[in-house]
Amino acid sequence: MSEETVSDGAQDISEVLKARQDKLEELKKHGINPFAYQFNPNTTAEEILAKNQNIKEGEEGPEEVRLAGRIMTKRGHGKASFANLQDKSGQIQIYAKLDLLGEDKYGLFEKLDLGDIIGVIGKVFRTKRGEISVKLSDLVFLTKSMHPLPEKWHGLTDKEMRYRQRYVDLIVNEDVRKVFIKRSQIVQSVRQFLAEKGFMEVETPILHPMAGGAAARPFETYHNTLDMKLFLRIAPELYLKRLVVGGFDRVYEIGRVFRNEGISFKHNPEYTMLELYQAYADYNDIMDLTENLVSSVIEKITGSTKIKFRDHEIDFKAPWRRLPLTQALKEYAGEDITGSESEIRDIAKKRGIDDADKLGIGKLINELYDRFVEPHLIQPTFIIDYPLETSPLAKKKRDNPNLVERFEVIVAGMEIANAFSELNDPMDQRERFAKQLELKKAGDEETESMDEDYLNALSYGMPPAGGLGIGIDRLVMLATDSHSIRDVIFFPHMRPIK
RNA sequence: GCGCCACUAGCUCAAUUGGCAGAGCAGGACACUCUUAAUGUCAAGGUUGAAGGUUCGAUUCCUUCGUGGCGCACCA
């Protein structure tokens, strides 16, 4: 990148940027590289604070520390100055004194802008006001910041800028950093839990020749050499189950899936899903696994199974309520959907579902459930046993062929997991796919395709298996009391600036 | 896609009925060797999201557009 980038069009560049440009030139004149190559810190702000709790006022630590970070605030007093240095762990005050640093280095310190990145060397001490600080014996300039930081007290609050320029958000908003640290810890703790249970982490294709494994509209792309249309996966399901056929009894994948659909506080076009498959298990086993997995992860990350989310206190402690869908509709909506198809259709019409005549019976029930039940489910709840029509990859319920052995987990009105006893009968699976094709012909855009290779895999025999999908982003929302999915995704999708 | 709201200095916010666009922080200059939202003095900083319209006069009223937020719809 050209060094002239900022000074180009110097006429209209703001004074603030111009001042930084001037300081950059000044550094160069003094033989200081404003974009240095290397520095070896041997500690962090957090570590210094933790290790020196017992140091008394006026006392100095025995050893020199080396740390590096960004200048966040500065308080000059002529021949002595304070500043706050921020590294990945937090902030620590540093103290620069003319007679300790010498004229050159002290002059350099005085010229620092907020946002500049420096390395410092010095002894730890406690100020008269009681703050553990580092008294600089040396200072190394590391990186010039060419753009001023947001205001030090209010920080960056404009949501658009926080999302578009997440790097700035992360610099100035510690809470945001904490959310993403927790996100990383959650994923790590999920991996650890599954490893202890004997699950193997795998990677399956993201580019799919056909989009399957969920009901959603896919993103399309194209491979030149193969001369074929490809789809970004909407779910890894069908590939993971091929691996179960192949003999991997317990597999999981944590990865991005892509759905070409709306954006809302709980929807992003790409999001992170955990999918796992356990051979010889059914959905009851998976319910046990799910409540154990989620409650232990929540407890590990937040210190308790009880969390605050919006106005709710939510307790993840297992076991969770297991509520059949028909019963949930009766309980929360006061509707009985065990009757005939026309009776259900009448209920839907009465309840204001406009296109009740166009929808299949399964979709109708889903619609009633989405509108009148899901928003009321606050504590973790398994809603179990779904209509056959809308679950083409799930096994029929053993005592009722109109239902499938499927559950969703609802917390705070959000679906965070979806699971079933996996359909492993290749003949039944073929019929289900065929039904999906009929729906597609009737105009449904979110149907499964006839995946012949998947049917072929099943024809070799897939052991009975339970499968589970968990929306990681939503789990992170709950664990961090974040009310928008955008607050747990580093770079949420936005329209480009024109 | 629909509805409501927002957009003013690098950032956070003001601006009376439509009447000279104003503060704080950041930045510049000076002073200051224990401050922590340091302090004091001085000076500077604007295409009010964009384009039109009404008006003697528009940050303010109207129209269109842009971007975002929230809600609804679709979806997990």
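Below, chains carry the letters A, B, ... as their sequence lines are ordered, and counting in each starts from 1.
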Evaluation steps, ring-ring contact (aromatic ring centres under 6.0 Å, His included), between A:Tyr277 and A:Phe199
CA-CA 9 Å; A:Tyr277 293 86; A:Phe199 282 85; 9.6 Å; no
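Ring pair A:Phe82/A:Tyr95: centre-to-centre distance below 6.0 Å. Taking the six-membered ring wherever Trp is involved, the centroid distance between the rings of A:Phe490 and A:Phe180 falls below 6.0 Å.
Here A:Arg495 does not reach the OP1 or OP2 of B:rG66: none of its side-chain N or O atoms lies under 4.0 Å away. At the phosphate of B:rC25, neither OP1 nor OP2 sits under 4.0 Å from any side-chain N or O atom of A:Lys152. Contact check, A:Lys23 against B:rG28: a side-chain N or O comes under 4.0 Å of OP1 or OP2. At B:rU12, one or more side-chain N or O atoms of A:Thr157 fall inside 4.0 Å of OP1 or OP2 (strictly under the cut-off). At B:rC34, none of the side-chain N or O atoms of A:Arg129 fall inside 4.0 Å of OP1 or OP2 (strictly under the cut-off). The side chain of A:Arg75 places no N or O atom within less than 4.0 Å of a non-bridging phosphate oxygen (OP1 or OP2) of B:rU36.
Closest to the side chain of A:Arg164, from the set B:rG68, B:rU12, B:rU35, is B:rG68.
Counting any heavy atom pair closer than 4.0 Å across all strands shown, A:Met494 reaches sugar-phosphate atoms only and no base atom. Backbone-only contact: A:Met161 has heavy atoms under 4.0 Å from sugar-phosphate atoms and none from a base. Heavy atoms of A:Gly262 sit under 4.0 angstrom from at least one base atom. When heavy atoms are screened at a 4.0 angstrom cut-off, A:Asn268 is found touching base atoms of the nucleic acid. Among the atoms of the strands shown, none is found under 4.0 Å from any heavy atom of A:Gly469. No engagement by A:Ala417 is indicated, since no non-hydrogen atom pair under 4.0 Å with the nucleic acid exists. Residue-level contact check: A:Leu98 touches neither bases nor backbone, having no heavy atom under 4.0 Å from any strand. Note on A:Asp99: a base of the nucleic acid sits closer than 4.0 angstrom, heavy atoms only. In this structure, A:Phe125 reaches the bases: a heavy-atom distance under 4.0 Å links it to at least one base atom across the strands shown.
Between the side chain of A:Thr127 and the base of B:rU35 there is at least one donor-acceptor pair of N/O atoms closer than 3.5 Å. Residue A:Gln93 places a side-chain atom within donor-acceptor reach of the base of B:rU35, judged by atom type and a 3.5 Å distance cut-off alone.
Comparing A:Lys135 and A:Leu156 by the nucleotide of RNA chain B that holds the closest heavy atom to each, the one mapping nearer the 5' end is A:Leu156.
In this pair, A:Phe258 and A:Phe219 present their aromatic rings perpendicular. The plane angle is above 60°, beyond the 30 to 60° band.
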